[in-house]
*Asks:* 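Structure provided below as structure tokens; questions to follow.
Just so you know, these numbers come straight off a predicted model, no measurement behind them. A, B, ... follow the sequence lines: proteins, then strands. Residue 1 opens every chain.
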Amino acid sequence: MELAINKPQPDTSMGEMTPRLHTVTRIIKDTADTFTLELAPSDDGQLFQFKPGQFNMVYHYGVGEVPISISGDCEKTDRMVHTIRKVGTVTNAFSRLKKGDTVGLRGPYGTAWPIDGAEGNDLVIMAGGIGLAPLRPVLYSILFRRRKFGRVVLLYGARSPQDILYKKELQKWRARFDLEIEITVDRTIVPWRGNVGVVTTLIPRTTFDPLNTTAMLCGPEIMIRFSIMELRNLGVPEENIYVSLERSMKCGCGFCGHCQCGQHFVCKDGPVFAYPVVKNLMLIREI
Amino acid sequence: MSKSLQADTDTLESGALHRTPLRMSPSDLGTIFANLEKAEYTLIGPKVSEGIIAYDRISHPDELPRGVTDRQKPAEYRLSHSDQPHYFSYAVGPHTFKRFTFPPRHTLFTSTKEGGELKLADSSPPVRKFAFIGIRSCEIAALLIQDKVFDNDQFRDNHYAAGRKDNFILAVNCTHPADTCFCVSTRSGPSVSEHFDLSITEVCESGEHFFIVYVGSDLGESMLVGIDKIDATDSEKAMAQSSLDKAAANMQRSLSTDGLKELLYDNAESPHWEELGKRCLSCTSCTMVCPTCFCSTVEDSTNLSGSEATRTRVWDSCFNEDYSYIHGGSIRTSPAARYRHWITHKLATWQDQFGSLGCVGCGRCITWCPSSIDLTEEISKLRKKQTDNKTTLVKE
């Protein structure tokens, strides 16, 4: 009795669950609790190819491994970029890394945002908090071939002005005439002349053609639910809405079971889903 | 092993077998064991240990649970011993063969740190040739189900593959199902139809004791070296068949699989789950004894000096609150949601994910649930509630 082996396999002689070593080449401190790591393969080997929306399992020596979405530009093939918020044991350990340190990487895993499928449409990108990280590669890709898309709108909600990610980049993008960037914060204690309120309040400030719009959303599930409600009210077709979901993950390959959401393994069937696929599940408590 | 489980169980009656069955005397079992050891197999079989039928390394038929029978009902498991010479007159215990193909704890990789430089040690899993002795039909079905999990549409787990490769399957047709069994409903027993090397039906009645042996593969045939091959007579075959028919007919429980998926999807928000949540202790027993449950988590540890770190994969359970933890909290905080997740996975979402039920009807989860929760009963209740609701709606 032999196990059926019917797929061409990449070089996983070490096994799917063993990471490849990468060196930290640059650390950018984004906010008080968020930082970006740039990584390069320690063995001078090939970098993983990835698509916007995918994630890697990132391993810290002796501490653990967590799924982190890729926040870099998929055209820049010399580095792997991860934006990480300190929330748990492993991410806290990552925050203490220094340039030249080594981490383990497996990936890339998961589905990608449908950028090719959105060509010709207006694009509405909605992000909440760290949810901007997996959407930044979308903006890079769009800017790489900007003329193929209609209006491009980024609506981004952060907790406070100090929590706004990628500030310099956002400023640069706001100065462009072919991007519309709207930012709001939940609250502020520092002087702030921008918007205050949840991210859905930004929708009426923007102009796009709802019937010919593709929307991509990533953030807390509550934010995604209300944002979709608003988009649907305006007439954005359900099948043009894409969401990225978050679940617990230990393997990224569908082996560990943790990430199940209904019949979907979020690690390999997601994290990016067409909204109609997960619509019913998003309405059930504790699914 | 490319055929789906469904297709396999469909051929239950026809049985694509190499030749007519043989009649073997019980002492021939020792010859097969010796042949397997000579072929460098690690023999894993049933033996009595701490009051249960456990699966462990064995080397001689004397270690098998001779004269032992079991009594099982919800939340109860007892063994009894007699002078009878039978070897296989009991149903499955809490152990599963999964513990060898997918061990409860195993190392994924080890890394070392010397002078700040990180290195990964070779993590190739050890390849072991397992011979599974006395494996039942339901348990073979469970292995085939796990094959699809660990070699899914995108990824293949080399740790699982190492334990699963080169298995020798010495199956036993089940003549003693427990009161908690329902493999007839899930079409995964009590007889073995395919995916075995040798299959045995034990006949032990009216002073006679012999085995009816089917050969399922050339490898199976090769392990019969040194045994006089005597074709079974029609009356001997009839004796074996009648005890198997009796086993199937005596199955106490059943699970209607018609529209099971829709039933669970439609009732995701039934108040029934709240009632169940009050009975379920979230003790994880059902998932630990289940032969198809595959969930795992990982543990990272270092040695005292910090020079070596190990990543270990351990069985996990969807009944643990931690299981669904993402920063900010767990998704499934209530036992009700966790039970719903488990049973919906076994009987509904599994069909969407892997094209079969995630249940083989072995009844372990019923026997080993300290709260006597019986999934066949819960499905019946859910069906009844749905029918009652519909009737009320029609009346109104």
*Asks:* Given heavy-atom pairs under 4.5 angstrom as the criterion, report whether the side chain, backbone, both or neither of B:F130 touches chain A.
*Replies:* neither
*Asks:* Quick check on A:R85 against chain B: is it the side chain, the backbone, both or neither that has a heavy atom closer than 4.5 Å?
*Replies:* side chain
*Asks:* Between B:T333 and chain A, with a heavy-atom cut-off of 4.5 Å, which part of the residue counts as in contact: side chain, backbone, both or neither?
*Replies:* both
*Asks:* Using non-hydrogen atoms only, which part of A:V63 is less than 4.5 Å away from chain B: side chain, backbone, both, or neither?
*Replies:* backbone
*Asks:* Checking A:Q260 against chain B: side chain, backbone, both or neither under 4.5 Å from a heavy atom?
*Replies:* both
*Asks:* If you count heavy-atom pairs within less than 4.5 Å of chain A, which of B:R338, B:E308, B:Q351 leads?
*Replies:* B:E308
*Asks:* In terms of ring plane angle, is the pair A:F265 and B:H345 parallel, tilted or perpendicular, where the classes change at 30° and 60°?
*Replies:* perpendicular
*Asks:* What part of B:T112 lies closer than 4.5 angstrom to a heavy atom of chain A: side chain, backbone, both or neither?
*Replies:* backbone
*Asks:* Are the ring centres of B:Y160 and A:F255 closer than 6.0 Å?
*Replies:* no
*Asks:* Does the side chain of B:D316 pick up a donor-acceptor pair with the side chain of B:S296 at under 3.5 Å?
*Replies:* no
*Asks:* Pick one of side chain, backbone, both or neither for B:R311, based on which atoms fall under 4.5 Å of a heavy atom in chain A.
*Replies:* side chain
*Asks:* Above 12 or not: heavy atoms from other molecules or residues under 6.0 Å from NZ of A:K51?
*Replies:* no
*Asks:* Taking atom types as modelled, find out whether A:T36 and A:K29 have a side-chain donor-acceptor pair closer than 3.5 angstrom.
*Replies:* no
*Asks:* Side chain from CB out, backbone as N, CA, C, O: work out which of these in B:T110 comes under 4.5 Å of a heavy atom of chain A, or both, or neither.
*Replies:* neither
*Asks:* In terms of heavy-atom pairs under 4.5 Å, which option from B:G306, B:C318, B:S324, B:S334 contacts chain A the most?
*Replies:* B:S334
*Asks:* Considering only heavy atoms, which portion of A:L281 lies under 4.5 Å from any heavy atom of chain B: side chain, backbone, both, or neither?
*Replies:* neither
*Asks:* Is a donor from one side chain sitting under 3.5 angstrom from an acceptor on the other, for B:H272 and B:N267?
*Replies:* no
*Asks:* Give, as side chain, backbone, both or neither, the part of B:Y323 having an atom under 4.5 angstrom from any heavy atom of chain A.
*Replies:* both
*Asks:* Can any side-chain N or O of A:H82 pair as donor or acceptor with the backbone N or O of A:M80 at less than 3.5 Å?
*Replies:* no
*Asks:* With no hydrogens and no angle check, do the side chains of B:T310 and B:T312 hold a donor and an acceptor under 3.5 Å apart?
*Replies:* no
*Asks:* Does any heavy atom of chain A fall under 4.5 Å from the side chain of B:F102, the backbone, both, or neither of them?
*Replies:* neither
*Asks:* Return the option, out of B:E117, B:K113, B:H341, with the maximum number of heavy-atom pairs under 4.5 Å with chain A.
*Replies:* B:K113
*Asks:* Using heavy-atom distances under 4.5 Å, tell me whether B:K119 contacts chain A through its side chain, its backbone, both, or neither.
*Replies:* backbone
*Asks:* With a 4.5 Å cut-off on heavy-atom pairs, point out which of A:E221, A:K268, A:K250, A:R247 contacts chain B the most.
*Replies:* A:K268
*Asks:* Taking the side chain as every heavy atom from C-beta outward, state whether A:L245 and A:F273 have any atom pair closer than 4.5 Å.
*Replies:* yes
*Asks:* Do B:F109 and B:L120 have side chains that get closer than 4.5 Å, going by heavy atoms?
*Replies:* yes
*Asks:* Which one of A:G88, A:P220, A:G254 has the most heavy-atom pairs closer than 4.5 Å to chain B?
*Replies:* A:G254
*Asks:* Does a side-chain heavy-atom distance below 4.5 Å link B:N167 with B:T101?
*Replies:* yes
